[in-house]
Amino acid sequence: MYRTHTCNELRKIDIGKQVTLAGWVHVSRDHGGVIFIDLRDREGLMQVVFRPEENAEVAKEAHHLRSEDVIEVTGRVAARVPGTENPKLATGDIEVIPNRLRILNRADALPFPIDAEIHNEDLRMTSRYYDLRRPQLSRNLRVRHRVAKATRDYLDAQGYVEIETPILSKSTPEGARDFLVPSRLTPGKFYALPQAPQQYKQLLMVAGVEKYFQIAKCFRDEDLRADRQPEFTQIDIEASFVTPDDIFSLTEGMLAAIFKVACKIDVKTPFDRLTYREAVSRYGSDKPDRRFGIELVDLSDDFRETGFKVFRGALDAGGVVKAINVKEFAGITIGQIDELSEIAKIFGAKGLAFIKIESSEWKSPIVKFFSDAEKAALQSKLKIQEGDCIFFAADKWEIACEVLGRIRLRVAEIQNLHGKAAKGQSGSDWDFLWVMDFPLLQWSAEENKWNAVHHPFTRPKTKDLALLDEKKFSEIRAEAYDVVLNGVEIGGGSMRIHEPQLQEKMFEALGVSAEDRQSLFGHLLRALRLGAPPHGGIALGLDRLVMLLCGEESIRDVMAFPKNNRGLDLMTQSPADVDPRQLRDLGIKLAKEKL
RNA sequence: GGAGCCUUAGCUCAAUUGGUUAGAGCGCCGCCCUGUCACGGCGGAGGUUGCGGGUUCGAGCCCCGUAGGCUCCGCCA
């Protein structure tokens, strides 16, 4: 037996007990005579005191201990010398006086200090097994475990059944780029790793499972981001005979249970609901961060007849004029204006007009073009006061909204409004909401075809079904929804198409040929013809959820062994070359120009 | 595919306008130290300033290129 207790288990009441502890040497303080060791395991720290007068031989050994050596000590629990208690430690009133020391393993010189903030992620990833010993990361992994456990417990209690679906799956044309796996037994053919268990879970509905869930690994071969990894985990849910309201309340209950169980946080339910149109109009984003204000204001009607050509041109072309009012921002610097203008251009605006209100004056390159009536409209609609800074966008609705939405986020960042909100009124720390009624289809100029905004199995809203026959594709709304937390999309789902005729219509709209429909989706279409119940569901990004719960800014910090920016695992050095014989077995030859 | 920021000792960082032998703290090695908890003291080792080129009497610093890291855009049904 290596230990009788953990390093965060013993208290005053245990004084006098003979115990054995095992763990890592966190720090050693060697006074030449007496030696203090903070012994660390995953639960915490316990001070171990080696005294020559107690046991000269053991004390002598202890001189050689270095950080991260793995040891086992046996001794008695003692009260600390009065006045030397450490209130910073849970075990700070006591210490262990060992009569035996076993060195289980030595540690080399360490790649970086374990108790400091390390920004060199490259280095951390190379020695990830060591990096993960750091308390913050080990806490994150345990939060993640509790989230998964709470999810399973909640869904189990609701009658949901966890079912695994294949990892070796089939490539489909829509959506993200697939990871391919060559088949040895069928040379020249490939499996694909699932981007999501979407089709399988729908087929489980046809199978009569009625309530399915899975904590599912998903794979997408796309470029990485702080919140995007090539493999990630979804809480995947699907149910039969449900409406969106059923999915909303199930998800709300589940998230409340997760936050309560994993982090003792009370989540207010039900969540607010916004339509896609409303979210984009008011916040310039389909995943609005509502922890601060700065809502977009529509000024189109006030400038319909304006002499200011930039606004007039946008309106005459069917666009809009919108603005945001940023309080206490009139002190904006030239550099910041330039930066915001740059952002505006990246997202499609021709420029970024602004008005600073300083010394009761409207300072702006454009205000001279405005009539008195237009100024009055601005004054009342934007509630302009001293110190405000107004930004304008005049463009197509989508572009004007997105530009101001991005400016809004950047300005909030500059003003540190997220931080203020988090410290401010309780309840605003965790702002959940539903965004619903997304468009069903989106025109891709690049591919010269209509694409599914969500996926091709998403159900159009019943009210909009006629628009599908009329081929008014841009106007069709989907029975689809996202759940958003603090401006981060943490999940999304939809009601699915369960009628084979409607699914065929949808494929037709998407330009999937009759041949492809059979070869790629034949199994699904056949299944729909065999008594498929109405069904729908949702998938939540487990990594992002845990990231937010842990207060982290990257999902890498809540994954044990993530990949870097370029999809490399610096610890194992993967991806890597393979033995040519493996390629031969698979009938694969590498093209020279790719090497 | 594109943009931005970054790269100096094992780690975190410094180095004035381009100017002597590139420094400090932590870590490491050695010695000392009996109540510390970021223990303390003395000494020591450790550097191709990411790499390549250029300008210059002289480059860590300026210029060009390149590699790597991170963030973002595109991409992510």
Side-chain angles (χ1 to χ4, degrees), chain A residues 26-39 45-54 56 59 63-64 66-68 78 80-89 91-92 95 97 107-127 172-178 194-196 198-199 218-230 232 339 342-343 345-348 402 406 409-410 413 438 440-442 444 446 450-458 478 480 489 492-494 506 510 512 521 539 541 553-554 556 564-566 568 570:
Chain A
H26 191 62
V27 271
S28 77
R29 295 177 291 276
D30 186 340
H31 288 239
V34 66
I35 301 156
F36 300 95
I37 299 285
D38 287 341
L39 187 65
L45 293 174
M46 168 63 87
Q47 174 162 281
V48 179
V49 185
F50 295 92
R51 279 196 297 232
E53 62 270 27
E54 293 269 350
H63 282 300
H64 300 113
R66 293 291 173 269
S67 288
E68 300 306 310
R80 291 201 182 182
V81 174
T84 67
E85 299 88 352
N86 184 351
K88 283 189 260 176
L89 288 184
T91 58
E95 57 199 19
I97 316 285
D108 281 350
L110 304 170
F112 50 87
I114 206 166
D115 51 356
E117 185 110 344
I118 302 291
H119 299 284
N120 188 340
E121 209 173 336
D122 207 5
L123 182 78
R124 286 175 47 202
M125 288 305 168
T126 307
S127 304
T172 50
E174 300 261 347
R177 196 175 292 111
D178 285 315
Q195 297 174 25
Q198 184 58 37
Q199 292 190 48
C218 305
F219 306 86
R220 293 176 192 177
D221 188 7
E222 296 292 346
D223 287 1
L224 291 83
R225 288 280 194 285
D227 62 352
R228 272 164 38 189
Q229 285 271 308
F232 61 100
E339 187 202 336
E342 198 51 44
I343 292 174
K345 278 180 195 154
I346 289 171
F347 292 97
E402 172 156 38
R406 296 283 179 163
L409 287 177
R410 180 61 191 135
E413 207 177 344
F438 278 84
L440 182 73
L441 298 165
Q442 189 174 35
S444 164
E446 204 176 301
W450 289 93
N451 281 335
V453 168
H454 189 50
H455 57 55
F457 319 113
T458 303
E489 178 198 329
S494 64
M506 184 71 180
L510 291 168
V512 181
F521 302 107
E553 289 187 347
S554 165
R556 292 189 296 270
N564 78 356
N565 223 357
R566 292 198 299 151
L568 309 178
L570 296 173

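Throughout, a chain's letter reflects where its sequence line sits, starting with A, and its residues are numbered from 1. Quick caveat, the model's predicted, so the values are computed rather than measured.
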**Asked** Has the side chain of A:Arg80 got a donor or acceptor that lies under 3.5 Å from a partner of the other kind on the base of B:C37?
**Response** yes

**Item:** Integer angstrom distance from the P of B:A9 to that of B:G60
**Value:** 14 Å

**Separation between the P atoms of B:C70 and B:U8, rounded to whole Å** = 15 Å

**Asked** Considering residues at least two apart in sequence or located in another chain, which fulfil the side chain to side chain donor-acceptor pair (under 3.5 Å) criterion with A:Arg228?
**Response** none

**Item:** Phosphate OP1/OP2 of B:C29: any A:Arg66 side-chain N/O under 4.0 Å
**Value:** yes

Would you mind writing out the side-chain donor-acceptor pairs for residues 26-33 of chain A within the sub-3.5 Å range, not counting sequence neighbours?
from	atom 1	to	atom 2	distance (Å)
A:His26	ND1	A:Arg40	NH1	3.0
A:Arg29	NH1	A:Asp38	OD2	3.1
A:Arg29	NH2	A:Asp38	OD1	3.1
A:Arg29	NH2	A:Gln47	OE1	3.0
A:Asp30	OD1	A:Gly32	N	2.8
A:Asp30	OD1	A:His63	ND1	3.3
A:Asp30	OD2	A:His63	ND1	2.8

**Prompt:** With both distances kept under 3.5 Å, what pairs with B:U71, Watson-Crick or G-U wobble?
**Reply:** B:A3

**Message:** What's the gap between B:C39 and B:U71 when it is taken at their C1' atoms, as a whole Å value?
**Reply:** 40 Å

**Message:** Please enumerate all residues that pass side chain to side chain donor-acceptor pair (under 3.5 Å) together with A:Ser494, with sequence neighbours excluded.
**Reply:** A:Arg496

**Message:** Pairing check on B:U66: which nucleotide meets the Watson-Crick or G-U wobble criteria with it, both distances under 3.5 Å?
**Reply:** B:G50

**Asked** Which part of the nucleic acid, if any, lies within reach of A:Phe347 when heavy atoms closer than 4.0 Å are counted: base, sugar-phosphate only, or nothing?
**Response** sugar-phosphate

**Message:** Could you tell me how far B:G23 sits from B:U16 if I compare only their C1' atoms? Round to whole Å.
**Reply:** 14 Å

**Request:** Name the nucleic acid region contacted by A:Glu85, choosing base, sugar-phosphate or nothing; use a 4.0 angstrom heavy-atom cut-off, strictly under.
**Result:** base

**Message:** Which is more 5' along RNA chain B, the nucleotide nearest A:Leu224 or the one nearest A:Pro52? Just name the residue.
**Reply:** A:Pro52

**Asked** B:C31 pairs with which nucleotide, Watson-Crick or G-U wobble, both distances below 3.5 Å?
**Response** B:G41

**Side chain A:Arg228 and base B:C76 donor-acceptor under 3.5 Å** = yes

**Item:** A:Asp227 CG - B:C72 C1' separation (whole Å)
**Value:** 11 Å

**Request:** Measure the distance from CG on A:Leu570 to P on B:G68 and round it to the nearest whole Å.
**Result:** 12 Å

**Request:** Can you tell me the distance, in whole Å, between the NE2 atom of A:His63 and the C1' atom of B:C31?
**Result:** 13 Å

**Request:** Would you mind classifying the nucleic acid contact of A:Arg406 as base, sugar-phosphate or nothing, using non-hydrogen atoms under 4.0 angstrom?
**Result:** sugar-phosphate

**Request:** Starting from P on B:U36, measure out to CG on A:Leu89 and report it in whole angstrom.
**Result:** 15 Å

**Request:** With side-chain hydrogen bond (donor to acceptor under 3.5 Å, both in side chains) as the test, would you mind laying out the steps for A:Glu121 and A:Asn564 before giving the verdict?
**Result:** CA-CA 9 Å; A:Glu121 209 173 336; A:Asn564 78 356; over 6 Å; no

**Message:** Classify A:Glu121 by what it touches in the nucleic acid, base, sugar-phosphate, or nothing, heavy-atom distance under 4.0 Å.
**Reply:** sugar-phosphate

**Prompt:** Does A:Thr458 have any side chain to side chain donor-acceptor pair (under 3.5 Å) partners at least two apart in sequence or in another chain, and if so, which?
**Reply:** A:His455

**Message:** In this structure, how many angstroms lie between the P atom of B:G69 and the CG atom of A:Asp223, rounded?
**Reply:** 13 Å

**Prompt:** Does OP1 or OP2 of B:G69 have a side-chain N or O of A:Asn565 closer than 4.0 Å?
**Reply:** no

**Distance, C1' atom - from B:U17 to B:C33, rounded to whole angstrom** = 48 Å

**Message:** Between B:G18 and B:G4, how far apart are the two P atoms, rounded to whole Å?
**Reply:** 23 Å

**Request:** Assign A:Glu446 to base, sugar-phosphate, or nothing according to its heavy-atom contacts below 4.0 angstrom with the strands shown.
**Result:** nothing

**Request:** Between A:Ala176 and A:Val34, just flag the one whose closest nucleotide in RNA chain B comes earlier from the 5' side.
**Result:** A:Val34

**Prompt:** Partners of A:Glu489 by side chain to side chain donor-acceptor pair (under 3.5 Å), sequence neighbours excluded?
**Reply:** none

**Asked** Reckon A:Arg566 has a side-chain N or O less than 4.0 Å from the OP1 or OP2 of B:G69?
**Response** yes

**Request:** May I ask you to decide if A:Ala196's main-chain N or O and A:Gln198's side chain share a donor-acceptor pair within less than 3.5 Å?
**Result:** no

**Request:** With sequence neighbours left out, write down each residue that passes salt bridge (Lys or Arg N to Asp or Glu O under 4.0 Å) with A:Glu339, or none if nothing qualifies.
**Result:** A:Arg410

**Item:** Cationic N near anionic O, under 4.0 Å, A:Arg177 to A:Glu222
**Value:** yes

**Asked** With both distances under 3.5 Å as the test, what is the Watson-Crick or G-U wobble partner of B:G10?
**Response** B:C26

**Asked** Reckon A:Arg225 has a side-chain N or O less than 4.0 Å from the OP1 or OP2 of B:C73?
**Response** yes

Pick out the pairs of N or O atoms, protein on one side and nucleotides 38-44 of chain B on the other, that lie under 3.5 Å.
from	atom 1	to	atom 2	distance (Å)
B:A38	OP2	A:Lys88	NZ	3.0
B:C39	OP2	A:Arg29	NH1	3.2
B:C39	N4	A:Asp30	O	2.3

**Asked** Does A:Arg556 make a side-chain N or O approach to OP1 or OP2 of B:U71 shorter than 4.0 Å?
**Response** yes

**Complete:** Here the gap from A:Leu440 atom CG to A:Leu510 atom CG, rounded to the nearest 0.5 Å, amounts to 7.5 Å

**Message:** Could you work out, with ring pair (Phe, Tyr, Trp, His ring centres under 6.0 Å) as the rule, every residue matching A:Phe219, not counting sequence neighbours?
**Reply:** none

**Asked** What is the nucleic acid contact for A:Gln198, judged by heavy atoms within less than 4.0 Å: base, sugar-phosphate only, or nothing?
**Response** base

**Item:** d(CD, A:Gln442; C1', B:C76) in whole Å
**Value:** 13 Å

**Message:** Distance check, P atoms only: B:U21 and B:G25, in whole angstrom units.
**Reply:** 22 Å

Identify all pairs in which a protein N or O lies below 3.5 Å from an N or O of nucleotides 5-11 of chain B, and state each distance.
from	atom 1	to	atom 2	distance (Å)
B:G10	O2'	A:Pro111	O	2.9

**Request:** Please confirm whether the backbone N or O of A:Ala452 pairs with a side-chain atom of A:Gln442, one donor and one acceptor, at under 3.5 Å?
**Result:** no

**Request:** For B:A45 versus B:G10, give the span between their P atoms, rounded off to a whole number of Å.
**Result:** 15 Å

**Complete:** From the candidates B:U34, B:G69, B:C37, the one with an atom nearest any side-chain atom of A:Thr84 is B:C37

